[in-house]
Amino acid sequence: MSTIWTLAEIEGGELKGITHELLTAARSLADASGSLKVGIVALGHEIGGLVPQLGSLGADIVALADAPSLANAPADVVARVVGPFLQGQQARTVLLGHTATGKDIAGRLAVRLDCGVIADATELAVEGGKIVATRSIFGGGMWSRAVAAGNGAVVTVRPRAVTPAPGQPSRSSETLTISVADGSTTRRVETLELKQETSTTVSLGDAEVVVAGGRGMGGADKFGPVETLARTLGAAVGASRAVVDSGWRPHKEQIGQTGRTVSPKLYVALGISGAIQHLVGMRTSGTIIAINSDAEAPIMKVANVAAVGDVHEIVPALVAELSRQGVGAGA
Amino acid sequence: MRVVVCVKVVPDTTEPKRLGDQHALVRSGVQGAVNPMDDYALEVALKWKDAQPDLDVVVLTMGPDDARAIIKKCLAKGADRAVLVSDAALAGTDAIGTARVLAAAIRKIGDVDAVLCGVRSSDGESAVVGPAVAELLDLPQLTTCKEADLDASARTVTANREVDGALEVARAGLPALLTVTKASFEPRLANFKGIQAANKKEILGWTTADLGIAPPARQVLVTAAGEPPQRPASQVLTGTAAEVAQKLAQYLTEQKLV
């Protein structure tokens with residue numbers, strides 16, 4: 001392993017946050033080793049303008065696959081273009097995001113590279129020239145450490161597990177061009193329609209702050225405090241399984257074993273008792289605040305701050321207090 | 001037309017999970033169940049079969065021989081037949097190795113128009129097996145589908161996909177691989193007639209030798225595992241709503257969380 005490779009996620013011509021995180025992770029592994037380089041593959045159309053930014057964020061090598069046919073390329077096309085290039089580079093470690101895009105590509109790329117996959121890593125290290133990753137398993141109930149023992153591994157890194165380091169504009173990088181073979185970009189998948197869901201302003205998976213409500217809110221029409229506090233904190237709205245099953249909230253907001261796993265900087269649980277199935281979906285959050293009338297509820301044991309009382313009284317008072325301090329003004 | 005549904009038998013999610021030798025999940029003596037997401041994948045195939053009764057729905061699983069009892073439940077719901085790849089040499093196979101075995105079995109089943117998988121397993125949670133199978137078979141993929149319609153005459157499948165908070169409608173030509181997430185419908189339950197019919201349906205047992213492959217080499221080794229570290233004890237806030245709110249606001253500000 002001489003280069004740690006990553007793949008840029010680009011949307012609307014800009015790098016997504018996960019790309020900063022992956023470059024930060026790769027850069028710190030490379031710096032710790034003293035000998036490894038950081039390479040990033042950027043694939044799309046008219047993306048050459050991103051090269052200086054990728055360099056400043058930590059890439060030593062920027063490999064560009066730039067062609068009209070690569071705009072919004074589906075996973076099979078990405079694998080067909082990037083796979084042979086990384087094979088040629090004898091890539092042994094490839095970091096992707098544990099995101100929709102990363103998960104779509106990870107398995108296909110690992111097949112191409114005849115290597116393994118370590119999914120949903122929260123910590124990375126290089127030991128004896130091999131990538132070692134810590135991941136949470138069983139929905140966060142336990143952790144395990146996995147090492148790439150054979151030909152290396154594609155590692156998907158949990159979003160927000162890494163705090164992105166600021167760029168260094170003075171850093172320079174070497175640019176490579178990936179040749180795009182005829183026929184390798186043939187589309188077999190066609191997007192017919194894309195409907196952005198508008199009910200939540202912040203998407204749950206990307207959110208730095210999540211405000212979630214449970215059965216303790218009291219009813220579908222009593223989620224006002226959840227939404228108000230989410231607006232004030234710029235947070236995404238989440239829900240427990242109980243309220244989704246009761247039809248109070250849509251499934252896309254469900255957090256826990258049968259919903260989403262989230263790991264925001266701040267998680268605020270309102271009227272959630274904290275069944276184990278819920279806890280496994282949020283226990284890796286940075287700070288957990290729970291507001292519940294039951295001081296003995298399980299959520300109160302995992303919370304950093306457990307506020308005992310009625311959510312319908314405390315939350316409006318909290319929002320008022322925060323807005324007095326200028327938080328959420330104009331939101 | 002033929003559809004293969006890849007199904008994994010996982011520990012029943014209500015049972016506590018334990019790790020044993022080489023940090024592998026202890027499966028013996030633990031109640032098994034069809035991975036919930038795979039149940040949705042099977043339901044998509046069975047909905048297709050409702051509309052097109054001559055559709056051949058084959059359930060494919062890799063696992064120990066006691067997976068048979070669980071696979072039978074899939075047959076009772078309406079799948080036509082099942083293949084169980086079972087081989088002592090496959091114990092501890094990692095995600096990509098599993099994909100290699102499944103792909104070899106799908107090749108041996110032959111003439112497959114669509115492969116359906118759950119988006120991820122409730123025990124491994126890597127979400128990479130489906131796309132890896134697609135790459136091995138050179139198929140296009142539609143992942144995280146909530147619903148999918150099969151158009152047999154046009155030989156296409158059109159799916160509603162859930163992608164990072166948005167809903168995408170996408171179409172792929174057949175053959176294709178789909179991964180299915182929790183759908184807007186509930187998987188059907190087996191009825192008495194189905195359970196009786198399942199007794200007459202075939203569960204083929206294959207080994208890696210039958211597939212003409214060597215057990216895949218392990219690319220990933222688990223070297224350690226444990227319980228997550230305990231969080232520091234909660235700071236408990238009590239008092240009037242106004243007092244609690246004031247203390248919360250102070251905490252958020254001090255910790256630079258707002």
Side-chain angles (χ1 to χ4, degrees), chain A residues 74-76 79 100 103-104 106-108 110-112 115-120 138 141-151 153 188-197 203 205 233 251 257-258 266 287 289 300-310 313-314 317-318 321-322 325 327, chain B residues 13 17 19 23 36 94-96 99 123 125-132 134-136 140-144 158 163-173 182 217-228 231-232 234-238 241-242 244-246 248-249 251 253 255 257-258:
Chain A
D76 56 330
K103 284 184 270 190
D104 269 6
R108 303 196 78 119
V111 165
R112 290 266 173 183
C115 69
V117 170
I118 303 173
D120 203 13
F138 309 152
M142 294 190 79
W143 58 268
S144 74
R145 190 162 295 134
V147 55
N151 300 332
R188 297 183 289 181
V189 175
E190 181 189 1
T191 300
L192 305 176
E193 205 183 329
L194 192 62
K195 302 175 217 168
Q196 287 296 336
E197 294 193 3
S203 99
L233 298 175
H251 176 257
Q257 198 153 41
T258 49
L266 172 63
T287 299
I289 292 179
M300 305 297 252
K301 306 285 180 264
V302 301
N304 300 79
V305 178
V308 184
D310 183 346
E313 290 177 11
I314 295 173
L318 174 60
E321 182 63 33
L322 289 171
Q325 297 176 12
V327 177
Chain B
T13 46
K17 289 166 184 158
L19 294 179
H23 313 292
D94 58 33
I96 299 300
D123 56 349
E125 297 184 309
S126 70
V128 299
V129 173
E135 185 69 21
L136 287 158
Q141 72 191 33
L142 296 173
T143 52
T144 56
T158 305
V163 191
D164 282 346
L167 203 63
E168 184 192 275
V169 185
R171 181 190 293 151
K182 187 176 163 77
R218 276 207 218 179
Q219 298 279 358
V220 175
L221 291 181
V222 178
T223 54
E227 302 272 344
R231 286 177 170 273
S234 302
Q235 181 182 337
V236 180
L237 305 182
T238 53
V244 170
Q246 205 259 326
L248 276 175
Y251 177 85
T253 316
Q255 301 291 319
L257 291 165
V258 290

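Protein chains get the first letters and strands the later ones, always in sequence-line order, with residue 1 at the start of each. Reckoned from all heavy atoms, side chains included, excluding hydrogens, waters and symmetry mates.
Interface remark: of the candidates A:A146, A:A153, A:G107, A:G107 forms the most heavy-atom pairs closer than 4.5 Å to chain B. Considering only heavy-atom pairs separated by less than 4.5 Å from chain B, the leading option among A:I118, A:L322, A:V305 is A:V305. Between chain A and the residues B:L142, B:L257, B:T238, the largest count of heavy-atom pairs under 4.5 Å involves B:L257. Chosen from B:V236, B:V169, B:V222, the residue pairing most often with chain A at heavy-atom distances under 4.5 Å is B:V169. With respect to chain A, the highest number of heavy-atom pairs below 4.5 Å among B:A170, B:S126, B:A224 belongs to B:A224. Counting heavy-atom pairs under 4.5 Å between each of A:A307, A:A317, A:A306, A:A148 and chain B puts A:A306 at the top. Heavy-atom pairs under 4.5 Å with chain B were tallied for A:G309, A:A149, A:A119; the largest tally goes to A:A149.
Taking each heavy atom of A:E321 and B:A249 in turn, the nearest pair found is CG-CB, 3.3 Å.
Heavy-atom distances place both the backbone and the side chain of B:A134 under 4.5 Å from chain A. Contacts between B:T144 and chain A at a heavy-atom distance below 4.5 Å are absent for every atom of the residue. Heavy-atom distances place no part of A:D310 under 4.5 Å from chain B, backbone and side chain included. Neither the backbone nor the side chain of A:D120 comes within less than 4.5 Å of any heavy atom in chain B. Both the backbone and the side chain of B:A127 have a heavy atom closer than 4.5 Å to some heavy atom of chain A. Contact annotation for A:L192: both backbone and side-chain heavy atoms come within less than 4.5 Å of a heavy atom of chain B. Within the 4.5 angstrom heavy-atom criterion, only side-chain atoms of B:I96, from C-beta onward, approach chain A.
Checking side-chain atoms of B:S234 against main-chain N and O of A:A303 turns up a donor-acceptor pair under 3.5 Å. Without hydrogens or angle criteria, B:D94 side chain to B:Q219 main chain gives a donor-acceptor distance under 3.5 Å.
Looking at B:L237 and B:Y251, their side chains never come closer than 4.5 Å, going by heavy atoms from C-beta outward. Put simply, the side chain of B:T143 does not reach to within 4.5 Å of the side chain of A:K103, judged on heavy atoms. Side chains of B:Q141 and A:D104 form a contact here, defined as non-hydrogen atoms less than 4.5 Å apart.
Taken to the nearest 0.5 Å, the CD atom of A:E313 stands 13.5 Å off from the CG atom of A:L318. The CD atom of B:E135 lies 7.5 Å from the CG atom of A:D76; values are rounded to the nearest 0.5 Å.
Defined by atom type and a distance below 3.5 Å, a donor-acceptor pair is present between the side-chain atoms of B:T253 and A:Q325.
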